[in-house]
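Numbering of residues begins at 1 and proceeds along the displayed sequence. Order of appearance sets the numbers: ligands from 1, and atoms from 1 within every ligand.
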Amino acid sequence: MKSLAIVGSQWGDEGKGKITDLLGQKCDLVVRYQGGNNAGHTIIVEGKKIVLHLIPSGILHPHCLSLIGHGVVFDPEAFLTELEEVCTNHLKVTPQNLMISESASVITHYNKLLDIQRESKGQVKIGTTGKGIGPTYEDKAGRRVIKVKDLFDLELLKSKLRYNIAEKAILFNYLYQIPFPAIEQEAKRLFELGQKIKPFVGDTFSTIDKAVHSGKKILFEGAQGVLLDVDYGTYPFVTSSNTSAGGIYTGAGLPGTHLSEVLGITKAYTTRVGEGPFPTELNNPLGEKIRTIGKEFGATTGRPRRCGWLDLPLLRYAVKASNITSLALTKCDILIEVDELKICTSYEYQGKTIDCAYPGIDLHKVIPIYKDLPNFKDDFKKDCLSRELENYIKVIELALKIPIGIVAFGPERHQIIFRKDYF
Ligand code: GDP
Ligand code: IMO
Ligand code: MG
């Protein structure tokens, strides 16, 4: 296999970081292609926790080149803070093993302010991470975003910011009534940050293109999950990028034919952080129990994650929307603490039974239909799984018509079983 995409197949936090870390060690390149520091990818190495937001999880392997592609929204200040943290973990980060696309979009202070104001005063609360993701993608689509390469030209920065702030100043002054930095001040801040990141900035597109043609192994590290995709997700309760594999073609530059496989990551149950519909949510002590045992608190914001049963109509949809070819089932160890096991097999919706979601479906109005399954009590000390867990896996595989290639049962690198070869 030459190139593999890792995508979240739920609402994020499925354990992408752990799987990217493990498969990344077999690769030459690990590429982020969308999102920004709204992501929180946790990797546990010998008991030590490393949370990556913007830097690809390949950074843990010195031979691996980590790329931040042009589809990413990039906060230079957050990047430098993360770089410092990563370096305190004795990881070597140099322009030889990390490159940022000169064409990535920059998150300005204004965009972060706007995100936070909309969340606190707007009519619809999305529950964003407050990192300025949405407003920056809006600026990109509005053809006014600052690109990373613009950070190196102070005069260009000022003129772009002037254009950029012309509308936002009205919002800050009249709608939200809050102070905001002067253009000169923001331009100076961004210019100085630009000087610090300059050695890492380059042409990631051509680097990927050359790697593809010289037969290098490439791993694409998705952030968030298919259900948060701006086109495929539970709109408007989504993030503002294409989190599905489609985002690779636009955000990194790899033509579709070069992508060998798409590995979807799913928890053995479902979680969601932020607002929006969640058909199988357990709004009860069992949901709380899963949250506590599963340590289901956001890696970026610390917010409690909402928990519920595995939802096959949504997974079937994610598989189709992102062309997922196999799955990793994570956090199986959490369900051993639970004395019942249900799986949602279909929905009742508008008088019909349906077994696959679709973009226009109103998930607030579906009634989940559950199947009870024998619960599993594996101790994961042996390589083989219990009959009950094998049965759970079979039910999912049969429903989705793709194999579960990986079973994870703990946050550490060794707490995993590979049932399929990747790379
Ligand atoms: P990501 O955003 O998809 O990378 O996932 P997060 O890092 O936000 O959340 C996943 C959490 O589950 C992290 O704390 C991981 O260390 C942890 N984790 C990953 N796989 C497993 C697993 O199989 N079992 C348990 N108990 N924890 C896991
Ligand atoms: P990883 O990569 C889980 C959610 C937010 C909110 C919505 C929009 O760790 O899986 P945004 O700040 O992106 O505009 O917020 O998306 N969200 C995530 N939820 N994991 C993430 O990343 C997320 N990134 C954004 O909670 O509901
Ligand atoms: Mg996360």
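Looking only at distances, a side-chain donor or acceptor of Tyr317 sits under 3.5 Å from a matching main-chain atom of Tyr232. Side-chain atoms of Gln10 come within 3.5 Å of backbone N or O of Lys267 as a donor-acceptor pair.
An N or O contact shorter than 3.5 Å links Asp13 to ligand 2 by distance. Ligand 1 has a nitrogen or oxygen under 3.5 angstrom from a nitrogen or oxygen of Gly17. Considering both main-chain and side-chain atoms, Ile334 never comes within under 3.5 Å of ligand 1 through any nitrogen or oxygen pair. The distance criterion of under 3.5 Å between nitrogen or oxygen atoms is met by Glu14 with respect to ligand 1. Considering both main-chain and side-chain atoms, Asn38 comes within under 3.5 Å of ligand 2 through a nitrogen or oxygen pair.
Looking only at N/O/S atoms, Asp13 comes nearest to the Mg ion (ligand 3) through OD1.
Residue-ligand proximity, Val238 to ligand 2, at heavy-atom distances under 4.0 Å covers atoms 7 (C), 8 (C). Taking every heavy atom of Gly274 and a limit of under 4.0 angstrom, the matching atoms of ligand 2 come to 27 (O). Of all atoms in ligand 2, numbered sequentially from 1 with element shown, those under 4.0 Å from a heavy atom of Ala39 are 1 (P), 2 (O), 9 (O), 22 (O). Ligand 2 places these atoms under 4.0 Å from at least one heavy atom of Ile126: 27 (O). Under a 4.0 Å criterion applied to the non-hydrogen atoms of Phe409, ligand 1 contributes the atoms 23 (O), 24 (N). Remark: ligand 1 atoms within the under-4.0 Å shell around heavy atoms of Gly15 are 1 (P), 3 (O), 4 (O), 5 (O). The distance from ligand 1 to the heavy atoms of His41 drops below 4.0 Å at these ligand atoms: 1 (P), 2 (O), 4 (O), 7 (O). Short contacts between ligand 2 and Arg303, defined as distances under 4.0 Å to a heavy atom of the residue, involve ligand atoms 5 (C), 26 (O). Proximity to Ala223 (heavy-atom distance under 4.0 Å) selects the following atoms of ligand 2: 2 (O). Ligand 1 places these atoms under 4.0 Å from at least one heavy atom of Lys18: 20 (N).
Close to ligand 2: Lys16, with a non-hydrogen atom less than 4.0 angstrom away. Residue-ligand proximity: Thr300 is placed with every non-hydrogen atom at 4.0 Å or more from ligand 2. At least one heavy atom of Gly40 sits closer than 4.0 Å to an atom of ligand 2. Assignment of Arg305 to the shell around ligand 2 is not supported, since no heavy atom sits closer than 4.0 Å. Using a 4.0 angstrom heavy-atom cutoff, Gly8 does not count as in contact with ligand 1. Heavy atoms of Ala299 come nearer than 4.0 angstrom to ligand 2 in no pair at all. A heavy-atom separation below 4.0 Å is found between His41 and ligand 2.
Taking each of Ala328, Gly410, Ala408 in turn, the one with a heavy atom nearest to atom 21 (C) of ligand 1 proves to be Gly410. Selection from Lys16, Gln415, Lys267 by nearest heavy atom to atom 1 (P) of ligand 1 gives Lys16. Nearest to atom 9 (O) of ligand 1 by heavy-atom distance, out of Lys331, Lys295, Arg305, Glu296, is Arg305. Of the candidates Ser240, Gly127, Gly130, the one placing a heavy atom closest to atom 6 (C) of ligand 2 is Gly127.
A cation-pi arrangement, defined by a distance under 6.0 Å to the six-membered ring centre and an angle within 45 degrees of its axis, is present between Lys420 and Tyr422.
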Please determine whether salt bridge (charged side-chain N to carboxylate O under 4.0 Å, His left out) holds for the pair Asp339 and Lys377, giving the CA-CA distance in whole Å, both sets of side-chain angles, and the decisive distance to 0.1 Å. CA-CA 9 Å; Asp339 290 327; Lys377 294 283 172 205; 3.0 Å; yes

Intermediate values then yes/no, side-chain hydrogen bond (donor to acceptor under 3.5 Å, both in side chains), Thr270 and Asp311: CA-CA 7 Å; Thr270 309; Asp311 184 328; over 6 Å; no

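Under the 30°/60° scheme for interplanar angles, the aromatic rings of Phe180 and Tyr110 are found to stand perpendicular. Under the 30°/60° scheme for interplanar angles, the aromatic rings of His70 and Phe205 are found to be tilted. Aromatic ring pairs are classed by plane angle as parallel below 30°, tilted from 30° to 60° and perpendicular above 60°; the pair Tyr33 and Phe220 is perpendicular.
Neither the backbone nor the side chain of Lys131 has a heavy atom within less than 4.0 Å of ligand 2. Contact annotation: for Trp11 versus ligand 2, heavy atoms closer than 4.0 Å belong to the backbone alone. Within the 4.0 Å heavy-atom criterion, the part of Leu228 lying near ligand 2 is the side chain and not the backbone. Contacts of Thr42 with ligand 1, taken as heavy-atom pairs under 4.0 Å, involve both backbone and side chain. At a heavy-atom distance under 4.0 Å, no atom of Thr301 approaches ligand 2.
Taking 2.8 Å as the threshold, Gly298 does not count as a candidate ligand of the Mg ion (ligand 3), since none of its N, O or S atoms lies below it.
The pair Glu340-Lys289 does not meet the salt-bridge criterion, since no charged nitrogen lies less than 4.0 angstrom from a carboxylate oxygen.
In terms of protein heavy-atom proximity, atom 2 (O) of ligand 1 is nearest to Gly40 O, 2.8 Å. Scanning the protein for heavy atoms near atom 24 (N) of ligand 1, the closest one is Asp333 OD1, 2.9 Å. Atom 16 (O) of ligand 1 has as its closest protein heavy atom Pro411 CB, 3.5 Å. Atom 25 (C) of ligand 2 has its closest protein heavy atom at Gln224 CG, 3.7 Å. Counting protein heavy atoms only, atom 10 (C) of ligand 1 is closest to Asp13 O, 3.7 Å.
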